[in-house]
Undergrad: 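The structure's right below; bear with me while I get my questions together.
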Amino acid sequence: MPELPEVETVRRGLEPRVLNKTIQAITVHYLPMIRPLSLDVFKARLIGKTIAAMRRRGKYLVFDLSDIILLVHLRMEGKFYLGDETTPKMTHEHIRYTFTDGSVLIYHDVRKFGTHTIKEVDALETTHPFINLGYEPSDIRLTATYLKNKLKTDRKIKTVLLDQSIILGLGNIYVDEVLFCAKIRPTTRAKRVSLKKCRSIIACSQKVISKAIQLGGSSIRSYTDSLGISGLFQNELNVHMREGELCYTCQTPIKKIKVNGRGTYYCSKCQQY
DNA sequence: CCGAATTCCTGTTGGC
DNA sequence: TGCCAACAGGAATTCG
């Protein structure tokens, strides 16, 4: 499940290898994955375009194609592989971009949740989904006051931190780790979280995410041979996937519960409120 | 308007 | 051993 650190790792691995390449052909095996849904339009707009840069925003990958943008979301299991014309079609290959130099970029996604969307450059920031996105953990505009204001809700703090319109990039793994770091119980109502704890959430988000990027993300239930998905942060996890194991801080067994349908791990002693 | 539940999808896991 | 329901979850959509 790629979250911000995994997506950033993919971007860093991919950008130098696709930069300045020009799309010559596209094969799509699963139509619902592309926007616009029309294969003819999708192809017509992309073919002939050159990759001028690759960026990331939250969990989105942005391919700058000079005058338009290809916006990719990996969702749960999206992965990129590089190959050439002789590379056989993979089992879960859904989209293949062939470049004029003969190399190919393959999009692989077991659960078919990912999306590839064409956007106008001018419309990117002013339309869905970017118009509703919050701040990156590293953004200086992400202040305790801003966060406190966003927490005026009855929802649980974990649910709110997963909401991409507030803080960008946290998914189910890192939100558990951030809440452990900030010593807040995932089920605590957002409106009960103090300004001081907001400061802590922000500091912990920056700390956890930057450390995870340094280590190339986490490899949980993931293959290790695709681009960028061979991280080591899974060895740094304090609570996620550690049900029944002892807290490194206080030796209390880690608990697992459900929060809004999501598997949630926490230490009942370190995270009291 | 708000928040919870459902939906998309398929490989893996656990119970019987 | 084999079968099958339950499970995993980001974000859009539907429901109450």
Side-chain angles (χ1 to χ4, degrees), chain A residues 1-11 28-37 56-62 71-80 89-95 107-117 119 124 127-134 136-137 149-179 186-193 205 209 212 217-226 229 234 237 239-244 256-266:
Chain A
M1 53 214 82
E3 302 176 28
L4 194 159
E6 289 75 30
V7 178
E8 177 60 21
T9 302
V10 170
R11 190 195 69 76
V28 178
H29 297 102
Y30 184 69
L31 270 175
M33 191 162 271
I34 62 169
R35 297 288 187 285
L37 286 164
R56 177 195 59 73
R57 177 82 163 276
K59 303 175 195 171
Y60 288 91
L61 280 171
V62 181
L71 193 57
V72 174
H73 198 302
L74 306 172
R75 292 291 185 98
M76 313 302 306
E77 310 236 359
K79 296 173 182 68
F80 280 109
K89 181 182 175 294
M90 306 173 84
T91 303
H92 297 289
E93 172 180 336
H94 303 302
I95 304 177
Y107 181 72
H108 176 286
D109 191 339
V110 172
R111 292 191 216 174
K112 300 179 175 174
F113 277 4
T115 54
H116 292 219
T117 304
K119 299 287 288 183
L124 182 65
T127 61
H128 174 83
F130 277 25
I131 192 164
N132 293 318
L133 295 183
E136 295 276 327
N149 264 310
K150 294 287 189 182
L151 298 189
K152 295 173 178 171
T153 166
D154 288 326
R155 290 193 294 168
K156 293 165 181 155
I157 185 65
K158 170 164 179 173
T159 306
V160 177
L161 294 183
L162 286 171
D163 185 337
Q164 302 297 300
S165 71
I166 301 172
I167 298 184
L168 278 179
L170 299 181
N172 207 39
I173 296 174
Y174 295 108
V175 76
D176 281 359
E177 295 301 313
V178 166
L179 286 171
T187 50
T188 296
R189 298 292 157 172
K191 62 163 75 160
R192 304 287 172 215
V193 174
S205 298
I209 292 294
S218 303
S219 303
I220 291 182
R221 250 197 320 269
S222 227
Y223 309 132
T224 53
D225 61 346
S226 74
I229 307 294
Q234 67 275 15
L237 298 175
V239 289
H240 196 79
M241 297 286 282
R242 294 195 65 235
E243 181 181 17
K256 182 184 183 184
I257 58 171
K258 288 266 189 183
V259 174
N260 283 71
R262 303 280 181 258
T264 299
Y265 302 82
Y266 71 101

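First the proteins, then the strands, lettered A, B, ... as listed; each starts at 1. As the structure is a computational prediction, the values presented were derived from the model and not from experiment.
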Undergrad: Look at all strands and tell whether D109(A) reaches a base, only sugar-phosphate, or nothing, counting heavy atoms closer than 4.0 Å.
TA: nothing
Undergrad: Grab the CG-P distance between N260(A) and dA8(C) for me, whole Å please.
TA: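 Roughly 14 Å, once rounded to whole Å.
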Undergrad: Quick one: list whatever passes salt bridge (charged side-chain N to carboxylate O under 4.0 Å, His left out) with R75(A), sequence neighbours left out.
TA: none
Undergrad: We want to know whether K158(A) and N260(A) form a side-chain donor-acceptor pair, criterion being a heavy-atom distance below 3.5 angstrom.
TA: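 Distance-only check fails for K158(A) and N260(A).
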Undergrad: Please enumerate all residues that pass side-chain hydrogen bond (donor to acceptor under 3.5 Å, both in side chains) together with K59(A), with sequence neighbours excluded.
TA: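 Result, side-chain hydrogen bond (donor to acceptor under 3.5 Å, both in side chains) vs K59(A): none returned.
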Undergrad: Is T159(A) touching bases, backbone alone, or none of the nucleic acid, heavy atoms closer than 4.0 Å?
TA: nothing
Undergrad: Could you check how far NZ of K156(A) sits from C1' of dA4(B), rounded to whole Å?
TA: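 That distance rounds to 10 Å.
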Undergrad: Checking H116(A) now: which residues fulfil ring pair (Phe, Tyr, Trp, His ring centres under 6.0 Å) with it, not counting sequence neighbours?
TA: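 Ring pair (Phe, Tyr, Trp, His ring centres under 6.0 Å) list for H116(A), sorted by chain: Y97(A), Y107(A).
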Undergrad: Find the distance L74(A):CG to dC8(B):P and express it as a whole number of Å.
TA: 22 Å
Undergrad: Measure the angle between the two terminal helix axes of the helix from dC2(B)-dG16(C) to dC16(B)-dG2(C), five base pairs each, and quote it to 10°.
TA: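 Computed from the C1' atoms at both ends, the axes differ by 70°.
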Undergrad: Give a yes or no on whether the backbone of E93(A) and the side-chain of D109(A) come within a donor-acceptor separation of less than 3.5 Å.
TA: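 No, the answer is negative, given that no donor and acceptor are paired below the 3.5 Å cut-off.
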Undergrad: Could I get the full list of side-chain hydrogen bond (donor to acceptor under 3.5 Å, both in side chains) partners for K150(A), not counting sequence neighbours?
TA: none
Undergrad: Let's test your reading of the model: under 3.5 Å, does the base of dG11(B) pair with the side chain of R111(A) as donor and acceptor?
TA: no
Undergrad: Of all residues at least two apart in sequence or in a different chain, which pass the side-chain hydrogen bond (donor to acceptor under 3.5 Å, both in side chains) check with H94(A)?
TA: none
Undergrad: Taking the side chain of H92(A) as its heavy atoms from C-beta onward, which of dT10(B), dA8(C), dG9(C) lies nearest to it?
TA: dT10(B)
Undergrad: In this structure, how many angstroms lie between the C1' atom of dG9(C) and the NZ atom of K256(A), rounded?
TA: 12 Å
Undergrad: Expressed as a whole number of angstroms, how long is the span from E6(A):CD to dG9(C):C1'?
TA: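 In whole Å, dG9(C) C1' lies 14 Å from E6(A) CD.
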Undergrad: List the residues meeting ring pair (Phe, Tyr, Trp, His ring centres under 6.0 Å) with F113(A), not counting sequence neighbours, and say none if there are none.
TA: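 Per chain and number, F113(A) pairs via ring pair (Phe, Tyr, Trp, His ring centres under 6.0 Å) with no residue.
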Undergrad: At under 4.0 Å between heavy atoms, which parts of nucleotides 10-16 of chain C does protein reach? Answer with one letter per nucleotide, 5' to 3': B base, S sugar-phosphate only, - none.
TA: BBS----
Undergrad: Distance check needed: dG9(C) P versus K158(A) NZ, whole Å only.
TA: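 Value for this atom pair: 7 Å.
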Undergrad: Can you name the residues that form a side-chain hydrogen bond (donor to acceptor under 3.5 Å, both in side chains) with Q164(A), not counting sequence neighbours?
TA: none
Undergrad: Which part of the nucleic acid, if any, lies within contact of G263(A), taking any heavy atom under 4.0 Å across all strands shown: a base, the sugar-phosphate backbone alone, or nothing?
TA: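 Result for G263(A) = sugar-phosphate.
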Undergrad: Rounded to the nearest Å, what distance is computed from the CG atom of residue D176(A) to the C1' atom of nucleotide dA8(C)?
TA: 14 Å
Undergrad: Check the distance between dC1(B)'s P and R155(A)'s CZ and give it to me in whole angstrom.
TA: 15 Å
